[in-house]
Amino acid sequence: MFDQLVAIIGHLGNMLRPWSFDIATAMVVCLILVFSADMNRIIRRHLVGHSFILRTLVFIIVNAFGYGLLIVKATPWVARQIVAMPSHWMFLLIVAMFIFIGYWAQRNSQA
């Protein structure tokens, strides 16, 4: 019974393997979306009282370049980590990661 379950999970992992880069992109973007609200709140708190131009410039740098660079650089690394796993662990990690992201978003009222 246990071996059959592992085989099914492994098969599901193999089915996801061709889309590992897309899955990694979704993970990174979802994590950034969930945590960016907290990051933006911290940055906003530190910039209170500064000029509109500085606040706007920091907002653009952090959101466009910071998060964009993080997506571009982190996605290939996450994809390599996903592909390097055995299929059954890969499938379980992907499911667990999206459950965690959904839980975190719900807990922080972002969903």
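Here the shortest heavy-atom pairing between Val28 and Ile71 reads CG1-CA, 3.9 Å. The shortest heavy-atom contact between Ile82 and Ser20 is CG2-CB, 4.1 Å. Closest approach of Arg17 and Pro86 over heavy atoms only: NH2-C, 3.9 Å. Across Leu31 and Met97, no two heavy atoms sit closer than the pair CD1-CE, 3.3 Å. Taking every heavy atom of both residues into account, Ala24 and Val78 meet most closely at CB-CG1, 3.7 Å. The two residues Asn40 and Tyr67 make their nearest non-hydrogen contact at OD1-OH, 3.4 Å.
Looking at heavy atoms from C-beta onward, Gln81 lies out of side-chain contact with Leu93 at the 4.5 angstrom threshold. You'll find the side chain of Arg80 reaches within 4.5 Å of the side chain of Trp77, heavy atoms only. Using a 4.5 Å heavy-atom threshold, the side chains of Leu5 and Ile9 count as touching. Looking at Met39 and Ile32, their side chains never come closer than 4.5 Å, going by heavy atoms from C-beta outward. Contact annotation: the side chain of Leu12 approaches that of Met15 to within less than 4.5 Å [non-hydrogen atoms, C-beta and beyond]. Residues Val34 and Phe100 form no side-chain contact, since every pair of their non-hydrogen atoms from C-beta on lies 4.5 Å or further apart.
A single hydrophobic cluster is not seen to contain both Phe91 and Phe21; linkage of ILVMFWY side chains at heavy-atom distances under 4.5 Å, directly or through other members, places them apart. Hydrophobic clustering, with ILVMFWY side chains joined whenever heavy atoms are under 4.5 angstrom apart, groups Trp104 together with Met27. With hydrophobic clusters built from ILVMFWY side chains whose heavy atoms lie under 4.5 angstrom apart, Val83 does not share a cluster with Phe98. Hydrophobic cluster membership is shared by Ile99 and Ile94, with clusters built from Ile, Leu, Val, Met, Phe, Trp and Tyr side chains linked at under 4.5 angstrom.
Within the model, atoms CD of Gln4 and CD1 of Ile8 stand 6.5 Å from one another, a figure rounded to the nearest 0.5 Å. One distance of note links CD1 of Ile23 with CG of Leu16; it measures 4.5 Å at 0.5 Å rounding. His88 NE2 to Asn14 CG: the interatomic distance, rounded to the nearest 0.5 Å, is 11.0 Å.
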Got a list of side-chain donor-acceptor pairs under 3.5 Å for residues 52-66, not counting sequence neighbours?
residue	atom	partner	partner atom	Å
Arg55	NH1	His50	O	2.7
Thr56	OG1	Phe52	O	2.8
Asn63	ND2	Phe59	O	2.9

